[in-house]
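Right, one structure below, let's go through it.
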Amino acid sequence: MSEPADYYDLSRIRPEVLDVLTRINELGRERFAPRAKAIDDEASFPVENYKDLAAEGFLTLTVPKEFGGHGFSLGEYAMVGAEIGKYCGATALTFNMHNSSMMWSRFMYELPNLTDEDKAAFAPLRERQFRRAVKEQGIYSQPISEAGQNWTSKPAQTACRKVEGGWKINGFKKFASLAGYCDYYSIVCTEHFEGIEPRHEDTMIFVVHKDAPGLTVTGSWDPLGMRGTNSRDLVLKDVFVTEDDLMMPRGIFIKTLPHWPHMMATLSPTYMGVAQGAFDFTCAYLRGEVPGQPPADRRMFGTKRITVGKMYTQLAAMRALWWQVFMEAQGMPSKAQVMRMYAAQYNIMEGVQEIAALAIRTCGGQSMLKSLPLERMYRDSRCGALMLPYTSEIMEDYLSVLTLYDMDELDKAPGDEGGARSSLWRGDAGTLKGLR
């Protein structure tokens with residue numbers, strides 16, 4: 001398999017980050033890759049991989065150092081996720097769901113537009129989450145999606161209502177990755193008030209323990225790819241929560257999309273890794289270096305060599321833009337930074353499928369066998385373009401309207417009848433369409 005030195009300028013990577021990348025590759029070769037087939041075959045959660053990640057302290061990469069974490073930037077975290085993705089896409093994807101909860105508590109707190117009152121209310125809440133992750137090695141799930149709608153277009157259908165001592169949550173979450181295997185769920189919901197239609201500004205986010213009364217994991221999980229994520233359904237019926245269960249104060253989570261849009265692109269490291277893994281396998285297969293396979297040298301075929309060159313040029317271009325995007329990621333980004341991020345998201349999610357398809361075609365018939373990893377990577381590669389809030393279709397739309405329309409024209413740009421542009425970055429307005 002490839003090493004970070006094959007595609008990164010190591011002089012730009014902090015030594016402690018490079019140490020983590022190196023260790024991830026060791027774990028990947030020795031443990032994650034050998035386990036990946038059974039995880040996919042059985043659609044079983046990668047429990048052993050998580051034990052390894054926890055033992056290394058890698059579940060706290062973005063937790064600030066003062067709380068016992070690594071204090072990695074978003075870009076440094078993304079590099080780690082991509083290395084995991086080379087070996088097991090489902091592990092990398094669920095690893096992101098856990099770490100996203102840590103990122104929200106870290107990076108949203110650091111936004112410059114928070115008031116002193118906001119920070120005073122936020123500080124004890126995030127300290128509680130960091131303590132659970134560091135001292136308890138608690139694993140977080142991040143279920144946001146709800147069946148039948150783009151969750152960025154309308155307020156979350158999952159509702160909470162004020163009761164004595166707290167709130168009661170009722171609702172449903174679809175694609176709840178880590179369902180049944182995490183310790184805590186980060187539940188996004190909308191507070192309901194009598195006589196008022198649900199609004200984005202009433203969005204709340206609570207941390208719900210896996211054993212909370214009224215919380216049920218249901219349904220089966222038998223998807224095309226990413227089978228080990230165990231993304232079953234989550235039902236909440238009169239789940240009681242208090243002020244202490246808030247992940248962040250009222251009104252802050254809903255600012256994530258406009259103020260920190262890069263944090264919603266953190267699915268892409270997984271697929272960057274899958275693309276690299278498909279390329280690495282192709283090279284090893286053509287060189288006759290796949291373990292357990294005959295050492296047949298297939299490099300003499302010109303068509304295969306040409307395809308490998310084509311795969312590399314696409315992979316290198318994808319990674320160069322993607323790395324720039326994540327290394328420059330920040331709160332309150334510029335239009336140019338956001339446009340690059342949207343373009344990188346699109347290129348990764350479409351490019352990984354193209355690279356995996358070329359890999360299958362180039363390696364030939366044996367690559368279709370489930371005994372080899374390329375068939376799994378091919379199925380995994382198709383899933384990223386479907387994932388909200390930045391699906392490939394939405395990225396095409398966002399890039400087009402930001403290119404062709406001025407910022408003050410966005411609300412009148414045609415094509416928004418379905419409301420998908422609610423999550424579109426809107427510059428200095430710094431808010432969702434529904435909050436303007």
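Between the side chains of K86 and S2, at least one donor N or O sits under 3.5 Å from an acceptor N or O. Side chain to side chain, S381 and Q353 meet the donor-acceptor criterion of an N or O pair below 3.5 Å. Side-chain contact of T216 with T218: a donor-acceptor pair under 3.5 Å is absent, judged by distance alone. Checked by atom type, the side-chain pair R319/Y8 shows a donor-acceptor distance below 3.5 Å. Q337 and R340 share no side-chain donor-acceptor pair at under 3.5 Å. For the residue pair T203 / T190, no side-chain donor-acceptor distance below 3.5 Å is found, with atom types taken as modelled. Checking Y7 against Q276 by side-chain atom types alone, no donor-acceptor pair falls below 3.5 Å. A donor-acceptor contact under 3.5 angstrom links the side chains of T158 and E146, judged on distance only. A donor-acceptor pair shorter than 3.5 Å cannot be found between the side chains of D380 and Y271.
Scanning for side chain to side chain contact (heavy atoms under 4.5 Å, CB included) contacts around T403 gives M339, with sequence neighbours left out. When the ring pair (Phe, Tyr, Trp, His ring centres under 6.0 Å) test is applied to W221, no partner is found at least two apart in sequence or on another chain. Take Y342 and apply the ring pair (Phe, Tyr, Trp, His ring centres under 6.0 Å) test, not counting sequence neighbours, and it matches Y390, Y398. Residues satisfying the side chain to side chain contact (heavy atoms under 4.5 Å, CB included) test with P373, not counting sequence neighbours, are F281, R376, M377.
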Only distances under 3.5 Å count here; give the side-chain donor-acceptor pairs of residues 10-20 to other protein atoms, sequence neighbours excluded, each with its distance to 0.1 Å.
{"unit_1": "S11", "atom_1": "OG", "unit_2": "D9", "atom_2": "OD1", "d": "2.6"}
{"unit_1": "S11", "atom_1": "OG", "unit_2": "D9", "atom_2": "OD2", "d": "3.3"}
{"unit_1": "R14", "atom_1": "NE", "unit_2": "E76", "atom_2": "OE2", "d": "2.7"}
{"unit_1": "R14", "atom_1": "NH1", "unit_2": "E16", "atom_2": "OE2", "d": "2.6"}
{"unit_1": "R14", "atom_1": "NH2", "unit_2": "E76", "atom_2": "OE1", "d": "2.9"}
{"unit_1": "R14", "atom_1": "NH2", "unit_2": "E76", "atom_2": "OE2", "d": "3.4"}

Determine all donor-acceptor pairs shorter than 3.5 Å in which one atom belongs to a side chain in residues 262-269; sequence neighbours excluded.
{"unit_1": "T266", "atom_1": "OG1", "unit_2": "N96", "atom_2": "OD1", "d": "2.9"}
{"unit_1": "T266", "atom_1": "OG1", "unit_2": "N96", "atom_2": "ND2", "d": "3.4"}
{"unit_1": "T266", "atom_1": "OG1", "unit_2": "M263", "atom_2": "O", "d": "3.3"}
{"unit_1": "S268", "atom_1": "OG", "unit_2": "A265", "atom_2": "O", "d": "2.9"}
{"unit_1": "S268", "atom_1": "OG", "unit_2": "W322", "atom_2": "NE1", "d": "3.1"}

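Here the CE-CE distance, from M341 to M395, works out to 6.5 Å after rounding to the nearest 0.5 Å. Interatomic distance, CE of M247 versus OH of Y140, reported as 5.5 Å (0.5 Å rounding). Within the model, atoms CD1 of I187 and CG of L234 stand 5.0 Å from one another, a figure rounded to the nearest 0.5 Å.
A salt bridge links R379 with D40: at least one charged nitrogen is closer than 4.0 Å to a carboxylate oxygen. Checked for salt-bridge contact, E3 and R29 meet the test: a charged N lies under 4.0 Å from a carboxylate O.
Remark: the backbone N or O of A54 is paired with a side-chain donor or acceptor of Q137 at under 3.5 angstrom. Using modelled atom types, no side-chain atom of E42 and backbone atom of I39 make a donor-acceptor pair closer than 3.5 Å. Listed for the D233 side chain is no donor-acceptor partner under 3.5 Å among the backbone atoms of G219.
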